[in-house]
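Chain naming here is simple, since letters A, B, ... match the order of the sequence lines and numbering starts at 1 in each. All figures in this text were calculated on a predicted structure; none of them were measured in a lab. Computed over heavy atoms, backbone and side chain alike; hydrogens, waters and symmetry mates excluded.
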There are 2 protein chains.
Amino acid sequence: MNRENVILTELKGGGYRLTQARKAIIQVLCEARAPLGAPDIIVLMASIGTSVNKTTVYRELEFLKGQGLVAEVLVGDGLRRYELMPEGHHHHHLVCNECSAVECVEVESCVGEDVRQIDHIEKTSDFKVTDHSLKFFGLCARCRL
Amino acid sequence: MNRENVILTELKGGGYRLTQARKAIIQVLCEARAPLGAPDIIVLMASIGTSVNKTTVYRELEFLKGQGLVAEVLVGDGLRRYELMPEGHHHHHLVCNECSAVECVEVESCVGEDVRQIDHIEKTSDFKVTDHSLKFFGLCARCRL
DNA sequence: TGACAGATGCAACTGGGTTGCAATATAATT
DNA sequence: AATTATATTGCAACCCAGTTGCATCTGTCA
Ligand SMILES: [Mn+2]
Ligand SMILES: [Mn+2]
Ligand SMILES: [Zn+2]
Ligand SMILES: [Zn+2]
């Protein structure tokens, strides 16, 4: 069973409705190969035959995030992007300074996974670290041509 | 000579005017101990006796950024924050999930400074890395009380 | 098929940020 | 000190992602 059906089954099992909008947004996210913003999602949903109001999209993204099925990717350009929750592995992002395109990337070793360093940060800053985000900025292949 | 005067002198030397708004925004940034958003800056400027239009603040921040005197800090909550350009050392940020407060933090070793790993990312992703950003999310001291 | 609760559409709103243009203030010149 | 050139500022209107209240609709199951 593919990811899309796993998600639909899980939602149904949880007592949630499988509405047109919900199925379409999940399909769009499953087919995406990079995080998408709500405006993009609206267009993509329309392109597969399901036009929905933006309010619905924002509410659905919030819902799927709450279900732990979708992750929010904040790049800092004022647009919230969403991707299917990465399974198991933890990854980071490349952000193009020219076109704002976002790609996913895995990193060998990251401070965010180094218990000793996190511990040191928590002690010296009096801050409880629960998560981290690492982004590399630069130029994507297309913008370098 | 303190940082504030160094900046004013540098700007004057560059042929730029030392206006009320410019002096006030620089003072506010110099006195800040964490990155500030434009709305905060407007209030702080008013509190030291210099009320300015928001347009001026946005334009001035853009100007100071262009001069390399101020750095933009994007946390992803839809608010652009600014801090005095860190001198020499490179640092990262702690972001509170509750109150969105931002603190600066230095890290022993970060992937972003590991030439080997950056090189590997550039080759496998066909992406030219020019910069990176590392943020730790969690709870600040105040929000944990 | 009916009914209920969850989901949706709509319209109005919020707030950070931008833009064009006219008015003003800084700093060099006379 | 008055004059001038232009960098800087204020204003008003605008942009756009995201939010909210409420009436309406629809998926699901009895
Ligand atoms: Mn990591
Ligand atoms: Mn670093
Ligand atoms: Zn690009
Ligand atoms: Zn906090």
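- In this model, no side-chain donor or acceptor of B/R59 finds a partner on the base of C/dG17 within 3.5 Å.
- Taking 4.0 angstrom as the limit, A/Y58 places a side-chain polar atom (N or O) nearer than this to OP1 or OP2 of D/dG18.
- Taking atom NZ of residue A/K12 and atom P of nucleotide D/dC29, one finds them 6 Å apart after rounding to whole Å.
- At a cut-off of 3.5 angstrom, the base of C/dA5 holds at least one donor-acceptor pair with the side chain of A/R17.
- To the nearest angstrom, C1' of C/dG17 lies 11 Å from CD of B/E72.
- For the segment residues 24-32 of chain A, the set of residues with a heavy atom within less than 4.0 Å of an atom of DNA chain D is empty.
- The nearest whole Å value for the distance from the CD1 atom in A/I42 to the C1' atom in D/dC16 is 12 Å.
- Contact annotation: side chain of B/K54 to base of C/dG16, donor-acceptor pair absent below 3.5 Å.
- A salt bridge links B/R22 to B/E60: one of the charged nitrogens lies within less than 4.0 Å of a carboxylate oxygen.
- In this structure, B/K128 pairs ionically with B/E122, as a charged nitrogen and a carboxylate oxygen lie closer than 4.0 Å.
- For the pair A/T19 and D/dT26, the criterion of a side-chain N or O lying under 4.0 Å from OP1 or OP2 is not met.
- Of the two residues contacting DNA chain C, namely A/F63 and B/L18, the nearest-nucleotide position lying further toward the 5' end is that of A/F63.
- Here the P atom of nucleotide C/dA22 and the CG atom of B/N53 are 17 Å apart, to the nearest Å.
- Listed pair A/R80 / D/dC16 fails the phosphate criterion, with no side-chain N or O lying under 4.0 Å from OP1 or OP2.
- Rounded to whole Å, atom P of D/dT8 lies 14 Å from atom CD of B/E62.
- Distance from the side chain of B/R22 is smallest for D/dT8 among the nucleotides D/dA12, C/dG9, D/dT8.
- In summary, the side chains of A/E103 and A/H93 do not present any donor paired with an acceptor at a separation below 3.5 Å, with no hydrogens or angles considered.
- A/Y16 and A/E10 form no side-chain donor-acceptor contact under 3.5 Å, judged by distance and modelled atom types alone.
- At whole-Å resolution of the value, CD in B/E60 and P in D/dT8 are 7 Å apart.
- Look at OH on B/Y16: it is 15 Å from P on C/dA28, rounded to the nearest Å.
- In this structure, the separation between CG on A/L8 and NZ on A/K12 is 9.5 Å, given to the nearest 0.5 Å.
- Classified by interplanar angle (parallel below 30°, tilted 30° to 60°, perpendicular above 60°), the ring pair B/F136/A/H132 is tilted.
- For the pair A/E4 and A/K23, the salt-bridge criterion is not met [side-chain N within less than 4.0 Å of a carboxylate O].
- One can place CD of A/Q20 at 12 Å from C1' of C/dT8, the figure rounded to the nearest angstrom.
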